[in-house]
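The structure under discussion appears below in the form of structure tokens.
Throughout, residue positions are numbered sequentially from 1 according to the sequence presented.
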Amino acid sequence: MEGETAMLRLNQIIICSVVAFLFWALATLFVHTLPGSLYGMRGNIGFVTSIPVALLSVWLVCRLARLEGNQILSGCLFIMADAMLYDAIALRWFPTLYAADDQTCRLASAWLLWGYGISAWGALLLGLWRERAAARA
């Protein structure tokens with residue numbers, strides 16, 4: 001039915017769980033190995049260049065988990081929720097996974113939240129577009 005969110009199948013949940021951990025691990029590795037990229041103009045450029053990366057991530061999730069139009073929001077929300085929980089745990093109890101200083105952790109948190117927000121908008125728009133396309137077919 002149009003406008004109804006479909007439940008994820010077990011294999012999709014497993015794929016989304018693995019993808020969430022991998023996305024989180026890659027972002028954490030990026031912040032840890034290149035903390036200077038979060039400061040000044042490089043940090044500003046990082047925000048802008050993360051837009052296509054976040055949107056590509058949404059597309060990749062849809063492909064890997066074979067999400068249908070009415071599953072996109074569920075699948076992407078599942079991944080974002082997992083990754084945000086990993087970030088919260090790491091920032092609270094293991095902040096040196098990101099960086100040794102609070103300023104870098106704060107900038108990393110802002111960059112991560114930005115990426116989650118862009119991904120959420122991307123998932124919402126892609127889900128709506130696919131649902132409308134399916135309704136026209």
Side-chain angles (χ1 to χ4, degrees):
M1 275 188 164
E2 183 181 348
E4 220 175 274
T5 302
M7 297 292 291
L8 298 175
R9 296 181 304 276
L10 179 60
N11 66 320
Q12 290 173 310
I13 291 171
I14 292 168
I15 291 167
C16 287
S17 294
V18 171
V19 168
F21 182 78
L22 291 175
F23 283 173
W24 172 79
L26 286 171
T28 301
L29 182 63
F30 173 77
V31 169
H32 186 80
T33 57
L34 298 168
S37 65
L38 300 168
Y39 288 85
M41 184 55 76
R42 286 176 56 195
N44 295 337
I45 292 169
F47 263 64
V48 173
T49 58
S50 66
I51 293 171
V53 173
L55 297 176
L56 179 64
S57 297
V58 170
W59 175 83
L60 184 61
V61 166
C62 292
R63 295 278 300 184
L64 292 174
R66 295 192 172 122
L67 300 177
E68 297 171 22
N70 60 352
Q71 293 177 310
I72 292 172
L73 289 177
S74 296
C76 290
L77 183 60
F78 186 97
I79 289 171
M80 286 186 282
D82 270 7
M84 283 189 273
L85 289 172
Y86 297 147
D87 280 327
I89 290 166
L91 286 164
R92 174 62 182 100
W93 290 289
F94 309 101
T96 55
L97 283 174
Y98 296 100
D101 65 288
D102 286 344
Q103 174 71 4
T104 303
C105 284
R106 185 181 66 75
L107 292 172
S109 297
W111 178 71
L112 291 165
L113 288 169
W114 171 261
Y116 293 133
I118 297 297
S119 297
W121 274 109
L124 177 64
L125 295 174
L126 181 60
L128 290 171
W129 179 72
R130 285 210 179 153
E131 287 229 1
R132 286 191 178 139
R136 280 180 271 168

* At what distance, to the nearest 0.5 angstrom, does OG of Ser119 lie from CG of Leu124? -> 12.5 Å

* Asked: With a 4.5 Å heavy-atom cut-off, do Cys62 and Arg130 have their side chains touching?
  -> yes

* Can you find a pair of side-chain heavy atoms, one from Asp82 and one from Phe21, that are under 4.5 Å apart? -> no

* **Closest heavy-atom pair and its distance - Tyr39, Gln103** => OH-CG, 3.3 Å

* To do: Compare every heavy atom of Ala65 with every heavy atom of Cys16, then report the nearest pair and how far apart it is.
  => SG-CB, 4.1 Å

* Of the non-hydrogen atoms in Ser74 and Ala6, which two are nearest, and what is the gap between them? -> OG-O, 3.8 Å

* Output the distance between atom CG (Leu38) and atom OG (Ser109), rounded to the nearest 0.5 Å. => 9.5 Å

* To do: Treat each ILVMFWY residue as a node, draw an edge where side-chain heavy atoms are under 4.5 Å apart, and state whether Trp114 and Met41 are in one component.
  => no

* Please go through Leu60's hydrophobic cluster and name the other residues, only I, L, V, M, F, W, Y counting, with side-chain heavy atoms under 4.5 Å joining them. => Leu8, Ile13, Ile15, Val19, Phe23, Leu56, Val58, Trp59, Val61, Leu64, Leu67, Ile72, Phe78, Ile79, Leu126, Trp129

* Out of curiosity, does Leu97 fall in the hydrophobic cluster containing Leu85 (side-chain heavy atoms, cut-off under 4.5 Å, transitive links)? -> no

* **Minimum heavy-atom distance Trp111-Gly46, with the two atoms named** => NE1-O, 3.7 Å

* Structure fact -> Rounding to 0.5 Å, atoms OG1 (Thr96) and CG (Leu91) come to a distance of 10.5 Å

* Determine whether Leu10 and Ile14 make a side-chain contact, defined as any pair of heavy atoms from C-beta on separated by less than 4.5 Å. => yes

* To do: Flag yes if Met84 and Leu22 sit in one hydrophobic cluster, no otherwise; membership is Ile, Leu, Val, Met, Phe, Trp, Tyr, and two members link when side-chain heavy atoms are under 4.5 Å apart.
  => no

* Asked: For Asp102, does the CG atom have more than 12 heavy-atom neighbours from other residues, nucleotides or ligands under 6.0 Å away?
  -> no

* Should Phe30 and Leu26 be counted in the same cluster of Ile, Leu, Val, Met, Phe, Trp and Tyr side chains packed under 4.5 Å apart? -> no

* To do: Check whether any side-chain heavy atom of Trp121 lies under 4.5 Å from a side-chain heavy atom of Leu55, and answer yes or no.
  => no

* **Matching residue for Tyr98 among Leu29, Leu112, Leu107 - test: side chain to side chain contact (heavy atoms under 4.5 Å, CB included)** => Leu112

* **Which atom of Gln71 lies closest to which atom of Arg9, heavy atoms considered** => NE2-NH1, 3.8 Å

* Spacing of CG belonging to Asp87 relative to OH belonging to Tyr116, to within rounding of 0.5 Å -> 3.5 Å

